[in-house]
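Reviewing the structure listed below.
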Amino acid sequence: MSAPTLRSLVERSWRDNLLFSVLVELTYRCNLDCFFCYNDLGLKGQPLTTEQYLGFFADLRDLQVLNLTLSGGEPLAHPDFFRLGAAARELGFVVRVKSNGHALNGTLARRLREEVDPYQVEVSLHGATAATHDRQTRVAGSFERLVTNLAEMKALGLRIKVNSTLTAWNENEIGEMFALTDRLGLPLQFDPEVTLRDDGDREPLSITPSRDGVLRLFRLEFERGEAAAAAAGAPVSEPAVGLRQADAELPPPATGKHCGAGSSGIAVDPYGNVYPCVQWRRPAGNLHQRSIREIWADSRGLADVRELELEIKHRIDALGPEGALLNFCPGTAEATTGDPLAIYSGAKQRAELLQQVMDERRRSPLRVLR
Amino acid sequence: MSFGERYLAHPALFPARLAGDAWGEESLLLELPGGPYLFTGMNDGQAAALERRWAGFVRRVDPAQAPAAAFESRTLRVGAEEFRHFDLRGFELTLEATHAADAVCLVGYEVMARLEWRRDALRGAVWTSAADPETFAGAVENYCRALVAYRLAETGAVLLHAAAVVHDGAAYLFCGPSGAGKSTLSRRCAEEGDAVLSDDLNAVAFADGRPVALPLPFCGDLRSPERRAPVPVAAVCRLRQAPVDLAEPLAPGAAIAALAACAPYVNQDPHRADGLLAQLERLVECCPTLMLSFTRTSLPWPALGAAKAGA
Amino acid sequence: MIGLDTVLRRRPDVRYRHIPPETVLIRQAGPEVMVLNGIAGRLLDLVDGHTSIAGLIAALAAEYDAPRETVERDVLEFAAELLAAEVVSEAEPR
């Protein structure tokens, strides 16, 4: 086997527009009702049938897509989730399942492991206490059920990653949330940003975390990163803090584009609408009308996005070191300001706070060194 | 047994919000007391089945042109494997419910439903695996009965498990659970030329302070009622079968209790039961309420007339 | 020790795609990400749990129009590496 050239491979996928990762929102039905959920529940359209999904998956396989993420709503609530998940497995995808975990115990958890065998199940945690978590999900008992289910899922051999979005409601429980997931032996990743709903509704922004909350998160992530590096005997460097998770845990390549949206990845909603990314809801085509091969090859929407990605990269690079700290998302920029190139206030704040914490740690005489 | 375990394979998947996969693009506007009610997301066959079931009360509509005040319910598709299937012979189909201040969850045989109050608007959804139009229509009506019960309660009216018979220009309500004799009595009255509003579910509201029976398309054994104007209520009777025909006035407390037992859905809701009792109290204050013992083959009018004469 | 009669099968937790001239592979049980060069990636396609290494060599020699000895050396080497990396395993004899 050759020496690792994963970076060059991902670079090539971005540069040459090789579709690599697809996120599919199978249904907007959900057994929780999270206050900040971004799904556009008013969206109308004809749901893709199971047969259409199966044909779509086969097309993705032919396009050599590797990563297929099943999301929603709650993907397990789709009437044919297991048939689709098993097909995805059979077609050789690296399948991720984004589930709230609320129903993942007993039979369903076993079926997920045995029939779908996902690479990873991503589950959301909204707080360290039932009061905070259930406040977000608006389903009483969801926290207790989730904690129990996580233990069962892990025991079944499911690979789990816990995600959390930092909000005004949980920003005082960050340490406790890490402690909880540490006890469960599961990784926890925070996103420090609450986003609009996909229909433009700004209500979720009412629980945007405070500056202090974000600072608290960044400081703790730095501490944990340095402690983990020290424990592993690895060189202490600036850990990946406050950054958006890269595509399939692959390192962000040095290409002419800012990110892989529309160049190596897409998102699809339950009605067949194709978007450059789950965060960037600019329509690129619809699977009821055109195949993914056709959309990927000649969608005007995707062509525009690919051009924009070059411009965004150019502008972010021009900002120097501050640019990297923005963790800029063109989808959020367009949803928030109408302009995918605009540096929105959330990105500026993140960069500012991240810089502040980095400066603190450089000045601190107590910084842990190898 | 906890909520949903009787009817659902995976109770933890019960929907917590009004979203999912529609069956099709057809919509119906149901003009009933407390409404109008907009049902969306059906296919053509399903819409046609509801049009037959609710004839005279419903029409097809473009949802974009539905009245802004319409209470929307989405009809959504789920897989058959979501539900437990069992022998229904001898099994009385009921809707189980859980209640919160801003939501009511309902589950029954091959049906899940949810009503919720968000931003002061009542909306709902019903999930069923029943692709067959008639089965679908039955599932949706089960949900609709609960929806109407809640909307009536919000408007100061009440839904009663009652037959309503129009005699000499006035409506007489005969309340009782299944098997009390509502349909039997209705059939006897209809044979003698009286009009039956419904032999199963009727709505009572107040017009100028007086109770009126409002038409609903929900029936038991008798055919669907025709749509007609509200009819003043002359008396409300609690039915019981007995060897003799006798109508005896009920004391107010007993009357309210008897009627509360016959006010489905809302009577089990701890968040709304107080409001229901207040409405029933109002009804009892302005309308004679009697215990009607009857012999199943007789007509109620002689006994009711005797009670009125003795009052 | 694998030989020409050895039959290999892909492990059930392996997922891979071709991005010519390379192949990216995820071993879920690791988890581990690997990149294979052209012929090693093609070898993965041909490993079907039934064809012996001799059969794989014959197929690849024809596809790549390469000398059989060269292909045999490369296939045996790649197969050993894939086996060591738990990407493939020996199939049960029929």
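Protein chains get the first letters and strands the later ones, always in sequence-line order, with residue 1 at the start of each. Values in this document were obtained by computation on a predicted structure and should not be read as measured data.
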Contacting region of A/Leu66 [heavy-atom separation from chain C under 4.5 Å]: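 When you check distances to chain C, atoms from both the backbone and side chain of A/Leu66 fall under 4.5 Å.
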Would you confirm whether [X], through its side chain, and [Y], through its main-chain N or O, come within 3.5 Å as a donor-acceptor pair?
X: C/Arg15; Y: A/Gly92; answer: no
X: C/Gln28; Y: A/Arg159; answer: no
X: A/Gln64; Y: C/Ile19; answer: no
X: A/Arg12; Y: C/Pro20; answer: yes

Can you tell me how far NE2 of C/His18 sits from CG of A/Leu18, rounded to the nearest 0.5 angstrom?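 It comes to 14.0 Å.
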Closest non-hydrogen atom pair between C/Glu22 and A/Ser8, with its separation: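 Nearest pair, atom of C/Glu22 first, then A/Ser8: OE2-OG, 4.3 Å.
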